[in-house]
Amino acid sequence: MHAKNDNQAMTNFIYNMIKEDVEKGALGDKCVHTRFPPEPNGYLHIGHARAILLNFKLARIFNGKFNLRFDDTNPIKEEQEFVDSIMEDIRWLGADWEDRLFFSSDYFDVKYEFALRLIKAGRAYVCDLNQEEIREYRGTLTEPGTESPYRNRSIEENLDLFERMRKGEFPDGSRVLRAKIDMTSGNLNMRDPVIYRILHTAHHRTGDKWCIYPMYDFDHPFSDAHEGITHSLCSIEYTDHRPLYDWIVDNAMELYPEVVKYRSRQTEFARLDLTYTVMSKRKLRRLVEEKYVQGWNDPRMPTIAGMRRRGFTPAAIADFQERVGVSRADSIADLALLEHCIRQELETTAPRLMAVLDPVKVVITNWPEGESEMMEMENIPGDESAGTREVPFSGELYIERDDFMEDPPKKFFRLAPGREVRLKGAYIIKCEEVIKDSQGIVSELRCTYDPQTRSGNDTSGKKVKGVIHWVSTGYATRVKVNLYDKLFTIEQPEEERDIDFINNINPQSLVVCENVPVEPAVEEVFPGSRFQFLRKGYFYYDPVASEEGMPAFNRIVALKDSWAKVKNKG
RNA sequence: UGGGGCGUAGCCAAGCGGUAAGGCACGGGGUUUUGGACCCCGCAUGCGCAGGUUCGAAUCCUGCCGCCCCAGCCA
């Protein structure tokens with residue numbers, strides 16, 4: 001439907017590059033093969049969705065393959081809980097890794113062998129410098145480093161020491177294995193990078209089998225080449241690591257060709273940020289831990305889990321990613337674009353329902369006492385196949401409090417004393433009397449209806465500008481509604497260097513409406529489905545927040561509101 | 001002269017020597033029983049700046065300016 005053809009949608013530089021590779025036969029007998037390599041130490045967010053979808057779609061467009069590989073080389077930070085949530089999120093997004101679920105830790109044996117071969121080739125050595133000394137020897141951004149005094153140990157000694165590291169003879173931090181590259185390189189990553197460290201910590205997959213673990217820069221390129229990844233896509237901050245990536249892959253091909261399926265290449269692209277939210281793991285964790293939100297899946301969070309509970313759809317997220325595009329330039333996508341994508345999808349797919357979020361009572365004084373009438377309304381305007389439903393109309397109704405103004409400005413088209421308005425799908429009513437409580441708050445509007453104006457066979461010839469929604473008081477089902485809005489009040493909450501980003505939280509990011517009257521058709525809908533509450537916005541029947549007898553609906557996004565603009569102009 | 005990356009509209013982004021796509025946002029009009037949706041129209045004499053090459057430059061050259069990343073035994 002709204003999803004464009006893949007080939008038309010993709011016009012970014014990575015797509016172009018792969019297309020060229022394919023056309024000139026650069027892949028040999030290989031097909032395009034990509035991967036998404038999350039570290040299982042946190043929840044996925046909308047920024048990750050770009051990487052997931054990009055990798056997955058690229059593989060699909062070129063009839064290639066897409067792997068999911070957990071980068072689990074640091075047992076201190078990684079947990080099974082995150083493996084599970086990450087898989088759930090990726091699956092929900094629609095990226096299918098088929099039978100190719102891998103873990104970096106699956107290759108610890110073969111990586112150990114590779115390390116041995118590097119040592120034997122004189123290209124890696126065990127270094128006894130402690131962490132602080134390694135830092136000192138590394139030099140600075142502007143000064144070259146100094147070679148470690150252990151750099152020229154004999155191959156035999158290195159082999160012996162590395163073996164003893166593996167056996168657990170040395171404490172954490174006492175020794176590391178380093179690649180012997182160039183301590184004078186302007187690129188710090190090439191100054192004899194550490195490739196294995198000692199960590200006497202159990203691993204979520206390999207248990208106590210290992211007490212030495214490979215570093216990312218050694219592990220990642222090797223795993224890519226080992227899996228036969230043709231295009232290794234990563235974010236821009238790894239550009240500096242590319243020479244090391246190539247060094248590792250080249251050495252693997254030379255020293256251990258039997259386990260290398262492809263000479264993988266790394267390509268970097270910019271991360272994706274979004275306005276009115278934060279994306280850093282640290283800040284998201286703070287929001288959760290300090291209880292500014294109710295958890296990682298709070299519908300205000302930019303996490304995949306949060307967006308799923310808010311009611312976003314995978315299709316809208318994918319559409320958003322496509323429209324934003326991919327480049328190497330730092331970018332912050334506009335929340336308005338994401339909102340546009342979900343509105344566009346729901347406009348044609350979400351059935352309409354009437355709910356009055358902030359009710360005020362209307363009594364129709366000339367309506368026959370105790371009578372009611374069924375009004376037929378379209379579920380999705382313009383889509384006959386979506387059918388219609390019956391909505392009970394009566395002499396006592398709720399309408400939205402802000403659909404009435406006692407002293408309205410010229411451009412206000414809704415209800416006001418002496419003015420007429422159409423009740424959507426029903427009759428035109430006229431406000432005859434305003435009743436207020438002791439505090440002067442409007443408590444009831446007494447109106448008359450015009451029997452000639454029944455929707456569908458209006459013989460009155462009347463034209464009113466305003467159309468408002470309503471619910472019959474005697475036929476209202478009560479639900480809970482969570483009105484979610486932007487989590488922050490400014491576009492870039494992370495930008496304010498001197499002010500804690502917490503200060504920019506939107507105090508109105510969640511407004512709860514209890515006992516909201518909704519037309520009775522709501523009783524036939526299911527958790528997990530999406531609706532438009534007429535004129536108010538799109539809502540998601542939240543299976544998590546709903547309770548027995550009290551369904552909860554989350555506002556995904558409000559409808560565009562051009563009245564608000566008029567009103568604010570004065 | 002540490003190394004690397006990036007500057008096209010308010011936000012994204014195409015373009016790769018032939019005279020600035022597209023989307024969102026914004027503004028105007030039409031239409032409408034959702035102030036929604038839909039349909040028109042408008043929105044960079046200009047591509048960070050300054051020179052140069054060329055019949056012709058966002059694209060090539062030179063020099064500047066600005067922003068981002070890198071000194072984890074994190075990924």
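Order of the sequence lines sets the chain letters (A, B, ...), proteins ahead of strands, with each chain counted from 1. This one's a predicted model, so the numbers in the text were calculated from it and none came from an experiment.
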Is the phosphate of [N] approached by [X] (side-chain N or O, under 4.0 Å from OP1 or OP2)?
| X | N | value |
| --- | --- | --- |
| A/Lys281 | B/rC74 | no |
| A/Arg328 | B/rG5 | no |
| A/Arg135 | B/rG72 | yes |
| A/Lys536 | B/rG36 | no |
| A/Arg323 | B/rA14 | no |
| A/Thr73 | B/rA75 | yes |
| A/Lys465 | B/rU33 | no |
| A/Arg138 | B/rC73 | yes |

Which part of the nucleic acid, if any, lies within reach of [X] when heavy atoms closer than 4.0 Å are counted: base, sugar-phosphate only, or nothing?
| X | answer |
| --- | --- |
| A/Pro381 | base |
| A/Phe320 | nothing |
| A/Gln131 | base |
| A/Leu423 | nothing |
| A/Arg191 | nothing |
| A/Thr140 | base |

Do [X] and [N] have a side chain to base donor-acceptor pair shorter than 3.5 Å?
| X | N | answer |
| --- | --- | --- |
| A/Asp240 | B/rG3 | yes |
| A/Arg414 | B/rG35 | yes |
| A/Arg422 | B/rU33 | yes |
| A/Glu268 | B/rG5 | no |

Nearest to the side chain of A/Glu78, heavy atoms from C-beta on, is which of B/rA75, B/rG35, B/rU34? B/rA75
Return the stacking result for B/rG35 and A/Trp563: yes when the ring centres lie under 5.5 Å apart and the planes under 30°, no otherwise.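 Ring-base stacking flag set for A/Trp563 and B/rG35.
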Quote, to the nearest angstrom, the C1' distance that separates B/rC40 from B/rU32.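 Straight-line distance between the two C1' atoms is 15 Å.
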Can you tell me how far C1' of B/rA25 sits from CD of A/Glu491, to the nearest Å? 10 Å
CD of A/Glu39 versus C1' of B/rA75: gap in Å, rounded? 5 Å
If you assign A/Asp458 and A/Glu143 each to the RNA chain B nucleotide with the nearest heavy atom, which residue ends up on the more 5' nucleotide? A/Glu143
Hey, which sits more toward the 5' end of RNA chain B by its nearest nucleotide, A/Ala329 or A/His241? A/Ala329
Are A/Lys486 and A/Tyr276 in a cation-pi setup, meaning NZ or CZ lies under 6.0 angstrom from the ring centre and within 45 degrees of the ring axis?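 Yes, a cation-pi geometry.
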